[in-house]
Participant: 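Dumping the structure here so I can ask a few things about it.
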2 protein chains.
Amino acid sequence: VKTVTKSAVRQPPRGIPLDTIRRLSICLRALNRLKERGIATVNSVELAEPLNFSSEQLRKDLSYFGRFGKAGVGYNVGQLSGKIHSILGTDKVWNVAVLGAGELGTALLGYSGFEDFNLRVCAALDNDPRKIGKTINGVRVSDIAGLSGVVRRNEIKAAILTVTKTAAQEVAQKAVSCGIKAVLNFAPVTLNLPKGVHVSNMDVSCELETLVCRLANCN
Amino acid sequence: VKTVTKSAVRQPPRGIPLDTIRRLSICLRALNRLKERGIATVNSVELAEPLNFSSEQLRKDLSYFGRFGKAGVGYNVGQLSGKIHSILGTDKVWNVAVLGAGELGTALLGYSGFEDFNLRVCAALDNDPRKIGKTINGVRVSDIAGLSGVVRRNEIKAAILTVTKTAAQEVAQKAVSCGIKAVLNFAPVTLNLPKGVHVSNMDVSCELETLVCRLANCN
(Lines give C-alpha, C1' and ligand atoms only; values in the text may rest on other atoms or scores of the structure.)
Protein backbone atom coordinates (compact mmCIF):
# COMPACT_ATOMS: atom_id res chain seq x y z
CA VAL A 1 0.00 0.00 0.00
CA LYS A 2 1.38 3.33 -1.04
CA THR A 3 1.69 5.70 1.87
CA VAL A 4 0.15 9.05 1.15
CA THR A 5 1.85 11.91 2.90
CA LYS A 6 -0.02 15.01 3.88
CA SER A 7 1.53 17.16 1.21
CA ALA A 8 0.52 14.60 -1.36
CA VAL A 9 -3.02 14.57 -0.03
CA ARG A 10 -3.61 18.32 0.03
CA GLN A 11 -4.04 19.49 -3.50
CA PRO A 12 -5.61 22.55 -5.02
CA PRO A 13 -9.20 21.54 -5.78
CA ARG A 14 -9.48 23.59 -8.94
CA GLY A 15 -9.76 20.45 -11.03
CA ILE A 16 -11.71 18.51 -8.41
CA PRO A 17 -15.47 18.47 -8.96
CA LEU A 18 -17.48 20.15 -6.22
CA ASP A 19 -19.60 17.00 -5.96
CA THR A 20 -16.49 15.00 -5.11
CA ILE A 21 -15.82 17.32 -2.19
CA ARG A 22 -19.46 17.04 -1.08
CA ARG A 23 -19.37 13.23 -1.21
CA LEU A 24 -16.11 13.11 0.77
CA SER A 25 -17.66 15.40 3.35
CA ILE A 26 -20.64 13.04 3.67
CA CYS A 27 -18.23 10.08 3.89
CA LEU A 28 -16.38 11.76 6.72
CA ARG A 29 -19.58 11.93 8.73
CA ALA A 30 -20.31 8.25 8.04
CA LEU A 31 -16.75 7.33 9.10
CA ASN A 32 -17.33 9.17 12.39
CA ARG A 33 -20.44 7.01 12.98
CA LEU A 34 -18.38 3.85 12.28
CA LYS A 35 -15.66 5.02 14.70
CA GLU A 36 -18.30 5.56 17.41
CA ARG A 37 -19.47 1.98 16.86
CA GLY A 38 -15.89 0.73 17.25
CA ILE A 39 -15.61 -0.44 13.64
CA ALA A 40 -11.97 -0.38 12.48
CA THR A 41 -12.17 -1.28 8.77
CA VAL A 42 -14.74 -0.75 6.06
CA ASN A 43 -14.78 -1.53 2.36
CA SER A 44 -15.94 0.84 -0.33
CA VAL A 45 -19.30 -0.91 -0.84
CA GLU A 46 -20.14 -0.86 2.88
CA LEU A 47 -19.16 2.80 3.08
CA ALA A 48 -20.74 4.14 -0.12
CA GLU A 49 -24.03 2.25 -0.48
CA PRO A 50 -25.83 3.56 2.61
CA LEU A 51 -24.88 7.06 1.39
CA ASN A 52 -26.69 6.48 -1.92
CA PHE A 53 -23.67 6.57 -4.18
CA SER A 54 -21.72 3.72 -5.74
CA SER A 55 -18.47 2.23 -4.51
CA GLU A 56 -17.00 2.98 -7.96
CA GLN A 57 -17.87 6.65 -7.45
CA LEU A 58 -16.23 6.68 -4.03
CA ARG A 59 -13.05 5.06 -5.34
CA LYS A 60 -12.97 7.55 -8.20
CA ASP A 61 -13.45 10.46 -5.77
CA LEU A 62 -10.62 9.26 -3.57
CA SER A 63 -8.36 8.58 -6.55
CA TYR A 64 -7.99 12.34 -7.10
CA PHE A 65 -5.93 12.44 -3.91
CA GLY A 66 -3.79 9.31 -4.06
CA ARG A 67 -4.28 5.67 -3.24
CA PHE A 68 -6.22 4.59 -0.21
CA GLY A 69 -7.12 1.25 1.33
CA LYS A 70 -5.82 -2.22 0.71
CA ALA A 71 -7.30 -4.61 -1.87
CA GLY A 72 -9.47 -7.25 -0.18
CA VAL A 73 -9.23 -5.55 3.21
CA GLY A 74 -10.70 -2.11 2.71
CA TYR A 75 -10.05 1.13 4.46
CA ASN A 76 -8.81 1.73 7.97
CA VAL A 77 -11.62 3.90 9.36
CA GLY A 78 -9.40 6.17 11.46
CA GLN A 79 -6.79 6.66 8.75
CA LEU A 80 -9.31 7.38 6.01
CA SER A 81 -11.13 9.85 8.26
CA GLY A 82 -7.84 11.66 8.98
CA LYS A 83 -6.97 11.78 5.30
CA ILE A 84 -10.36 13.15 4.28
CA HIS A 85 -10.06 15.81 7.01
CA SER A 86 -6.70 16.68 5.52
CA ILE A 87 -8.07 16.77 1.95
CA LEU A 88 -10.95 19.00 3.03
CA GLY A 89 -8.73 21.31 5.03
CA THR A 90 -10.72 20.62 8.17
CA ASP A 91 -7.77 19.12 10.03
CA LYS A 92 -7.65 22.59 11.56
CA VAL A 93 -10.62 24.35 13.17
CA TRP A 94 -12.41 26.99 11.09
CA ASN A 95 -14.25 29.78 12.86
CA VAL A 96 -17.53 30.81 11.32
CA ALA A 97 -19.83 33.80 11.92
CA VAL A 98 -23.61 33.81 11.58
CA LEU A 99 -24.79 37.12 10.13
CA GLY A 100 -28.38 37.75 11.20
CA ALA A 101 -29.65 36.43 14.54
CA GLY A 102 -33.28 35.98 13.55
CA GLU A 103 -35.14 32.66 13.53
CA LEU A 104 -32.93 31.07 10.91
CA GLY A 105 -29.72 32.36 12.51
CA THR A 106 -30.93 31.05 15.87
CA ALA A 107 -31.69 27.66 14.35
CA LEU A 108 -28.23 27.45 12.79
CA LEU A 109 -26.53 28.40 16.06
CA GLY A 110 -28.06 25.22 17.45
CA TYR A 111 -27.58 23.05 14.35
CA SER A 112 -26.09 19.67 15.25
CA GLY A 113 -24.54 19.03 11.83
CA PHE A 114 -21.36 20.97 12.54
CA GLU A 115 -20.23 18.48 15.18
CA ASP A 116 -18.71 16.10 12.65
CA PHE A 117 -16.50 18.77 11.19
CA ASN A 118 -13.98 21.19 12.61
CA LEU A 119 -16.36 24.08 12.09
CA ARG A 120 -16.92 26.35 15.07
CA VAL A 121 -19.76 28.85 14.91
CA CYS A 122 -18.19 31.36 17.27
CA ALA A 123 -19.94 34.64 16.47
CA ALA A 124 -23.44 35.91 15.73
CA LEU A 125 -24.10 39.45 14.56
CA ASP A 126 -27.22 41.51 14.06
CA ASN A 127 -28.23 45.18 13.89
CA ASP A 128 -31.38 44.79 16.02
CA PRO A 129 -30.82 46.33 19.51
CA ARG A 130 -33.29 43.77 20.94
CA LYS A 131 -31.03 40.94 19.80
CA ILE A 132 -27.58 42.43 20.52
CA GLY A 133 -26.23 41.18 23.84
CA LYS A 134 -28.50 38.09 23.95
CA THR A 135 -26.85 34.69 24.17
CA ILE A 136 -28.15 32.04 21.76
CA ASN A 137 -26.93 28.47 22.20
CA GLY A 138 -23.83 29.76 23.98
CA VAL A 139 -22.97 32.43 21.42
CA ARG A 140 -23.40 36.11 22.33
CA VAL A 141 -24.99 38.28 19.64
CA SER A 142 -22.76 41.26 18.75
CA ASP A 143 -23.59 44.50 16.98
CA ILE A 144 -22.92 44.04 13.28
CA ALA A 145 -21.41 47.53 13.27
CA GLY A 146 -18.42 45.90 14.98
CA LEU A 147 -18.11 43.08 12.44
CA SER A 148 -14.60 44.02 11.38
CA GLY A 149 -13.18 43.60 14.91
CA VAL A 150 -15.06 40.33 15.52
CA VAL A 151 -13.74 38.87 12.25
CA ARG A 152 -10.15 39.94 13.04
CA ARG A 153 -10.10 38.78 16.67
CA ASN A 154 -11.61 35.36 15.84
CA GLU A 155 -9.77 34.90 12.52
CA ILE A 156 -13.11 34.25 10.83
CA LYS A 157 -12.96 33.47 7.12
CA ALA A 158 -16.46 32.14 6.48
CA ALA A 159 -19.93 33.48 7.23
CA ILE A 160 -23.46 32.12 7.11
CA LEU A 161 -25.78 34.82 5.80
CA THR A 162 -29.30 34.61 7.26
CA VAL A 163 -30.44 38.23 6.97
CA THR A 164 -33.53 39.25 4.97
CA LYS A 165 -33.41 39.30 1.21
CA THR A 166 -33.46 43.10 1.15
CA ALA A 167 -30.39 43.35 3.43
CA ALA A 168 -28.42 40.41 2.00
CA GLN A 169 -26.32 42.15 -0.67
CA GLU A 170 -25.29 45.01 1.62
CA VAL A 171 -24.39 42.75 4.55
CA ALA A 172 -22.47 40.36 2.29
CA GLN A 173 -20.46 43.25 0.83
CA LYS A 174 -19.67 44.50 4.33
CA ALA A 175 -18.56 41.01 5.37
CA VAL A 176 -16.25 40.75 2.38
CA SER A 177 -14.78 44.18 3.14
CA CYS A 178 -14.05 42.87 6.66
CA GLY A 179 -12.08 39.90 5.32
CA ILE A 180 -14.71 37.16 4.87
CA LYS A 181 -13.72 34.92 1.96
CA ALA A 182 -16.62 32.44 1.88
CA VAL A 183 -20.36 33.01 2.24
CA LEU A 184 -23.07 30.42 2.74
CA ASN A 185 -26.09 32.41 1.57
CA PHE A 186 -29.62 31.58 2.80
CA ALA A 187 -31.22 34.74 1.45
CA PRO A 188 -33.31 34.12 -1.67
CA VAL A 189 -31.30 36.53 -3.82
CA THR A 190 -28.28 36.22 -6.10
CA LEU A 191 -25.31 37.95 -4.47
CA ASN A 192 -22.86 39.91 -6.55
CA LEU A 193 -19.49 39.73 -4.81
CA PRO A 194 -15.88 40.23 -5.94
CA LYS A 195 -14.05 37.42 -7.70
CA GLY A 196 -12.17 35.20 -5.27
CA VAL A 197 -15.03 35.15 -2.74
CA HIS A 198 -16.64 31.72 -2.58
CA VAL A 199 -20.44 31.77 -2.41
CA SER A 200 -22.68 28.81 -1.92
CA ASN A 201 -26.43 29.32 -2.06
CA MET A 202 -28.69 27.41 0.30
CA ASP A 203 -31.74 28.40 -1.66
CA VAL A 204 -34.60 26.64 0.10
CA SER A 205 -37.35 27.76 -2.28
CA CYS A 206 -35.31 27.02 -5.41
CA GLU A 207 -34.44 23.57 -4.10
CA LEU A 208 -38.05 22.88 -3.14
CA GLU A 209 -39.17 24.04 -6.56
CA THR A 210 -36.66 21.71 -8.18
CA LEU A 211 -38.18 18.84 -6.20
CA VAL A 212 -41.71 19.87 -7.19
CA CYS A 213 -40.64 20.07 -10.82
CA ARG A 214 -39.51 16.46 -10.64
CA LEU A 215 -42.81 15.50 -9.02
CA ALA A 216 -44.83 17.43 -11.60
CA ASN A 217 -43.08 15.79 -14.50
CA CYS A 218 -42.43 12.28 -13.24
CA ASN A 219 -45.87 11.26 -12.06
CA VAL B 1 -41.00 33.01 -33.55
CA LYS B 2 -42.17 29.49 -32.94
CA THR B 3 -45.05 29.34 -30.52
CA VAL B 4 -44.49 26.80 -27.81
CA THR B 5 -47.66 25.20 -26.57
CA LYS B 6 -47.97 24.00 -23.03
CA SER B 7 -47.77 20.35 -23.97
CA ALA B 8 -44.59 21.06 -25.88
CA VAL B 9 -43.11 22.89 -22.90
CA ARG B 10 -43.84 20.29 -20.24
CA GLN B 11 -41.46 17.44 -20.74
CA PRO B 12 -40.28 14.68 -18.47
CA PRO B 13 -37.09 16.00 -16.88
CA ARG B 14 -35.30 12.67 -16.84
CA GLY B 15 -32.81 13.87 -19.40
CA ILE B 16 -32.75 17.44 -18.13
CA PRO B 17 -29.84 18.22 -15.80
CA LEU B 18 -30.87 19.18 -12.28
CA ASP B 19 -28.72 22.30 -12.59
CA THR B 20 -30.80 23.42 -15.57
CA ILE B 21 -33.93 23.23 -13.44
CA ARG B 22 -32.18 25.15 -10.64
CA ARG B 23 -31.05 27.89 -13.02
CA LEU B 24 -34.53 28.24 -14.51
CA SER B 25 -35.94 28.51 -11.01
CA ILE B 26 -33.48 31.33 -10.25
CA CYS B 27 -34.38 33.00 -13.57
CA LEU B 28 -38.05 32.89 -12.68
CA ARG B 29 -37.35 34.89 -9.54
CA ALA B 30 -35.31 37.43 -11.52
CA LEU B 31 -38.14 37.72 -14.07
CA ASN B 32 -40.55 38.48 -11.22
CA ARG B 33 -38.26 41.36 -10.12
CA LEU B 34 -38.23 42.70 -13.71
CA LYS B 35 -42.04 42.49 -13.88
CA GLU B 36 -42.29 44.46 -10.61
CA ARG B 37 -40.09 47.16 -12.17
CA GLY B 38 -42.37 47.28 -15.23
CA ILE B 39 -39.75 45.91 -17.61
CA ALA B 40 -41.39 44.14 -20.55
CA THR B 41 -38.44 42.64 -22.48
CA VAL B 42 -35.01 41.37 -21.50
CA ASN B 43 -32.23 39.76 -23.49
CA SER B 44 -30.30 36.70 -22.39
CA VAL B 45 -27.20 38.68 -21.34
CA GLU B 46 -29.21 41.10 -19.18
CA LEU B 47 -31.07 38.20 -17.60
CA ALA B 48 -28.21 35.74 -17.04
CA GLU B 49 -25.24 37.89 -16.05
CA PRO B 50 -26.54 39.28 -12.75
CA LEU B 51 -27.36 35.65 -11.83
CA ASN B 52 -23.70 34.63 -12.30
CA PHE B 53 -24.19 32.36 -15.27
CA SER B 54 -23.58 32.98 -18.94
CA SER B 55 -26.17 33.90 -21.56
CA GLU B 56 -24.99 30.85 -23.56
CA GLN B 57 -25.82 28.67 -20.56
CA LEU B 58 -29.28 30.22 -20.24
CA ARG B 59 -30.03 29.74 -23.94
CA LYS B 60 -28.84 26.14 -23.69
CA ASP B 61 -31.04 25.55 -20.62
CA LEU B 62 -34.10 26.96 -22.38
CA SER B 63 -33.36 25.02 -25.57
CA TYR B 64 -34.34 21.78 -23.81
CA PHE B 65 -37.90 23.03 -23.83
CA GLY B 66 -38.33 24.66 -27.23
CA ARG B 67 -37.49 28.02 -28.74
CA PHE B 68 -37.95 31.21 -26.79
CA GLY B 69 -37.42 34.87 -27.53
CA LYS B 70 -36.85 36.73 -30.75
CA ALA B 71 -33.39 37.39 -32.22
CA GLY B 72 -32.34 41.00 -31.59
CA VAL B 73 -35.32 41.69 -29.33
CA GLY B 74 -35.01 39.24 -26.48
CA TYR B 75 -37.59 37.66 -24.28
CA ASN B 76 -41.01 38.95 -23.32
CA VAL B 77 -40.72 38.96 -19.53
CA GLY B 78 -44.31 37.89 -18.84
CA GLN B 79 -44.33 35.15 -21.46
CA LEU B 80 -40.98 33.69 -20.42
CA SER B 81 -42.04 33.73 -16.77
CA GLY B 82 -45.25 31.86 -17.66
CA LYS B 83 -43.34 29.33 -19.71
CA ILE B 84 -40.77 28.65 -16.99
CA HIS B 85 -43.63 28.23 -14.48
CA SER B 86 -45.11 25.71 -16.88
CA ILE B 87 -41.78 23.90 -17.37
CA LEU B 88 -41.24 23.70 -13.62
CA GLY B 89 -44.78 22.53 -12.95
CA THR B 90 -45.40 25.51 -10.67
CA ASP B 91 -48.20 26.89 -12.81
CA LYS B 92 -50.35 25.17 -10.21
CA VAL B 93 -49.97 25.66 -6.45
CA TRP B 94 -48.11 22.95 -4.51
CA ASN B 95 -48.91 22.45 -0.86
CA VAL B 96 -45.97 21.70 1.38
CA ALA B 97 -45.71 20.48 4.99
CA VAL B 98 -42.97 21.36 7.44
CA LEU B 99 -42.13 18.36 9.62
CA GLY B 100 -40.67 19.57 12.91
CA ALA B 101 -41.75 22.91 14.38
CA GLY B 102 -38.50 23.71 16.21
CA GLU B 103 -36.29 26.72 15.50
CA LEU B 104 -35.50 25.70 11.93
CA GLY B 105 -39.11 24.77 11.16
CA THR B 106 -40.25 28.10 12.62
CA ALA B 107 -37.71 29.96 10.48
CA LEU B 108 -38.89 28.18 7.34
CA LEU B 109 -42.55 28.93 8.10
CA GLY B 110 -41.56 32.60 7.84
CA TYR B 111 -39.13 32.24 4.92
CA SER B 112 -39.75 34.87 2.26
CA GLY B 113 -38.24 32.87 -0.58
CA PHE B 114 -41.41 30.91 -1.33
CA GLU B 115 -43.25 34.03 -2.49
CA ASP B 116 -41.83 33.87 -6.01
CA PHE B 117 -43.09 30.36 -6.54
CA ASN B 118 -46.43 28.66 -6.26
CA LEU B 119 -45.35 26.87 -3.12
CA ARG B 120 -47.68 27.11 -0.13
CA VAL B 121 -46.39 25.95 3.23
CA CYS B 122 -49.78 25.02 4.63
CA ALA B 123 -49.01 22.61 7.45
CA ALA B 124 -46.55 22.20 10.30
CA LEU B 125 -46.32 19.04 12.36
CA ASP B 126 -44.50 18.11 15.54
CA ASN B 127 -44.77 15.55 18.34
CA ASP B 128 -44.04 18.01 21.16
CA PRO B 129 -47.26 18.78 23.13
CA ARG B 130 -45.86 22.26 23.91
CA LYS B 131 -45.78 23.05 20.20
CA ILE B 132 -48.98 21.37 19.03
CA GLY B 133 -51.80 23.91 18.72
CA LYS B 134 -49.48 26.93 18.49
CA THR B 135 -49.74 29.14 15.42
CA ILE B 136 -46.44 30.07 13.75
CA ASN B 137 -46.54 32.65 10.97
CA GLY B 138 -50.19 31.84 10.33
CA VAL B 139 -49.77 28.07 10.28
CA ARG B 140 -51.17 25.98 13.13
CA VAL B 141 -48.90 23.20 14.40
CA SER B 142 -50.62 19.80 14.26
CA ASP B 143 -49.80 16.55 16.03
CA ILE B 144 -47.56 14.50 13.75
CA ALA B 145 -49.58 11.44 14.80
CA GLY B 146 -52.27 12.82 12.48
CA LEU B 147 -49.92 13.33 9.53
CA SER B 148 -51.81 10.99 7.23
CA GLY B 149 -55.06 13.00 7.49
CA VAL B 150 -53.27 16.36 7.08
CA VAL B 151 -51.48 15.12 3.95
CA ARG B 152 -54.72 13.76 2.45
CA ARG B 153 -56.89 16.79 3.23
CA ASN B 154 -54.35 19.28 1.88
CA GLU B 155 -53.17 17.12 -1.03
CA ILE B 156 -49.58 17.55 0.18
CA LYS B 157 -46.90 15.88 -1.93
CA ALA B 158 -43.74 17.51 -0.58
CA ALA B 159 -42.33 17.95 2.91
CA ILE B 160 -39.51 19.92 4.48
CA LEU B 161 -37.84 17.79 7.13
CA THR B 162 -36.44 19.83 10.04
CA VAL B 163 -36.53 17.28 12.85
CA THR B 164 -33.39 16.22 14.76
CA LYS B 165 -30.90 13.89 13.13
CA THR B 166 -31.93 11.03 15.41
CA ALA B 167 -35.61 11.32 14.40
CA ALA B 168 -35.09 12.10 10.70
CA GLN B 169 -35.15 8.60 9.19
CA GLU B 170 -38.24 7.52 11.13
CA VAL B 171 -40.21 10.70 10.38
CA ALA B 172 -39.23 10.59 6.70
CA GLN B 173 -40.43 6.98 6.43
CA LYS B 174 -43.71 7.89 8.10
CA ALA B 175 -44.15 10.82 5.68
CA VAL B 176 -43.56 8.55 2.69
CA SER B 177 -46.06 6.01 4.03
CA CYS B 178 -48.59 8.90 4.22
CA GLY B 179 -48.12 9.73 0.55
CA ILE B 180 -45.27 12.28 0.54
CA LYS B 181 -43.27 11.93 -2.69
CA ALA B 182 -40.56 14.58 -2.20
CA VAL B 183 -38.48 15.45 0.86
CA LEU B 184 -36.27 18.47 1.38
CA ASN B 185 -34.03 17.17 4.15
CA PHE B 186 -32.28 19.54 6.59
CA ALA B 187 -31.19 16.81 9.02
CA PRO B 188 -27.47 16.02 8.78
CA VAL B 189 -28.04 12.36 7.95
CA THR B 190 -28.40 10.36 4.75
CA LEU B 191 -32.00 9.18 4.41
CA ASN B 192 -32.77 5.76 3.03
CA LEU B 193 -36.17 5.96 1.34
CA PRO B 194 -37.93 3.87 -1.32
CA LYS B 195 -37.13 4.40 -4.97
CA GLY B 196 -39.41 6.96 -6.59
CA VAL B 197 -39.23 9.33 -3.61
CA HIS B 198 -37.27 12.47 -4.47
CA VAL B 199 -34.88 13.63 -1.76
CA SER B 200 -32.87 16.80 -1.79
CA ASN B 201 -30.41 17.41 1.03
CA MET B 202 -29.96 20.90 2.42
CA ASP B 203 -26.87 19.86 4.29
CA VAL B 204 -25.65 23.06 5.93
CA SER B 205 -22.51 21.60 7.49
CA CYS B 206 -21.51 19.69 4.35
CA GLU B 207 -21.99 22.81 2.24
CA LEU B 208 -20.04 24.93 4.70
CA GLU B 209 -17.28 22.35 4.74
CA THR B 210 -17.16 22.39 0.94
CA LEU B 211 -16.69 26.17 1.10
CA VAL B 212 -13.95 25.83 3.73
CA CYS B 213 -12.22 23.21 1.60
CA ARG B 214 -12.05 25.68 -1.25
CA LEU B 215 -10.69 28.33 1.12
CA ALA B 216 -8.12 25.94 2.58
CA ASN B 217 -6.83 24.92 -0.80
CA CYS B 218 -7.11 28.09 -2.84
CA ASN B 219 -5.30 30.55 -0.62
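Chain naming here is simple, since letters A, B, ... match the order of the sequence lines and numbering starts at 1 in each. Here the structure is a predicted model, which means the values were calculated and not measured.
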Participant: Select, from A:Gly102, A:Ala30, A:Gly105, A:Ala107, the one with the greatest count of heavy-atom pairs under 4.5 Å involving chain B.
Facilitator: A:Ala107

Participant: Rounded to the nearest 0.5 Å, how far does OG of A:Ser25 lie from CG of B:Asp203?
Facilitator: 6.5 Å

Participant: Would you mind checking if B:Arg22 and A:Glu207 are paired as a salt bridge, meaning a charged N to carboxylate O distance below 4.0 Å?
Facilitator: yes

Participant: Report which part of B:Asn137 has an atom under 4.5 Å of a heavy atom belonging to chain A: side chain, backbone, both, or neither.
Facilitator: side chain

Participant: Is B:Phe117 in contact with chain A via its backbone, its side chain, both, or neither, using a 4.5 Å heavy-atom distance?
Facilitator: both

Participant: What part of B:Leu104 is in contact with chain A, defined as an atom under 4.5 angstrom from a non-hydrogen atom: side chain, backbone, both or neither?
Facilitator: both

Participant: Compare all side-chain heavy atoms of A:Phe114 with those of B:Leu208 and state whether any distance is below 4.5 angstrom.
Facilitator: yes

Participant: Hey, are B:Glu103 and A:Thr106 close enough side-chain-wise for a donor-acceptor pair under 3.5 Å?
Facilitator: no

Participant: Using a 6.0 Å cut-off, check whether atom NZ of B:Lys134 has over 12 heavy atoms from anything other than its own residue.
Facilitator: no

Participant: Give a yes or no on whether A:Glu36 atom CD has more than 12 heavy-atom contacts from other residues, nucleotides or ligands under 6.0 Å away.
Facilitator: yes

Participant: Testing the basics here: between A:Thr190 and B:Ile26, what is the closest heavy-atom pair and its distance to 0.1 Å?
Facilitator: OG1-CG2, 3.9 Å

Participant: Less than 4.5 Å to any heavy atom of chain A: does that hold for the side chain of B:Val96, its backbone, both, or neither?
Facilitator: side chain

Participant: How about A:Arg29 and B:Ser205: does a side-chain donor come under 3.5 Å of a side-chain acceptor?
Facilitator: yes

Participant: Between B:Met202, B:Arg33, B:Glu209, who has the most heavy-atom pairs with chain A when the cutoff is under 4.5 Å?
Facilitator: B:Glu209

Participant: Distance check, rounded to the nearest 0.5 Å: B:Leu215 atom CG versus A:Lys181 atom NZ?
Facilitator: 9.0 Å

Participant: Work out which heavy atom in B:Gly89 is nearest to a heavy atom in A:Ala216; give both atom names and the distance.
Facilitator: CA-CB, 3.8 Å

Participant: So how far is it from A:Ser200 OG to B:Arg214 CZ, rounded to the nearest 0.5 Å?
Facilitator: 7.5 Å

Participant: Is B:Asn201 close to chain A through its backbone or its side chain, or both, or neither, when contacts mean heavy atoms under 4.5 Å?
Facilitator: neither

Participant: Only one of B:Leu24, B:Ile21, B:Leu88, B:Leu184 forms a side chain to side chain contact (heavy atoms under 4.5 Å, CB included) with A:Thr210, so which one is it?
Facilitator: B:Ile21

Participant: Residue by residue, which of residues 45-56 of chain B have a heavy atom closer than 4.5 Å to a heavy atom belonging to chain A?
Facilitator: B:Pro50, B:Leu51, B:Asn52

Participant: To the nearest 0.5 Å, what is the distance between SG (B:Cys206) and CG (A:Leu119)?
Facilitator: 10.5 Å

Participant: I want to check something: taking the side chain as every heavy atom from C-beta on, are A:Phe186 and B:Val204 in contact at a cut-off of under 4.5 Å?
Facilitator: yes

Participant: Which pair of non-hydrogen atoms, one from B:Tyr111 and one from A:Ala187, has the smallest distance, and what is that distance?
Facilitator: OH-C, 4.4 Å

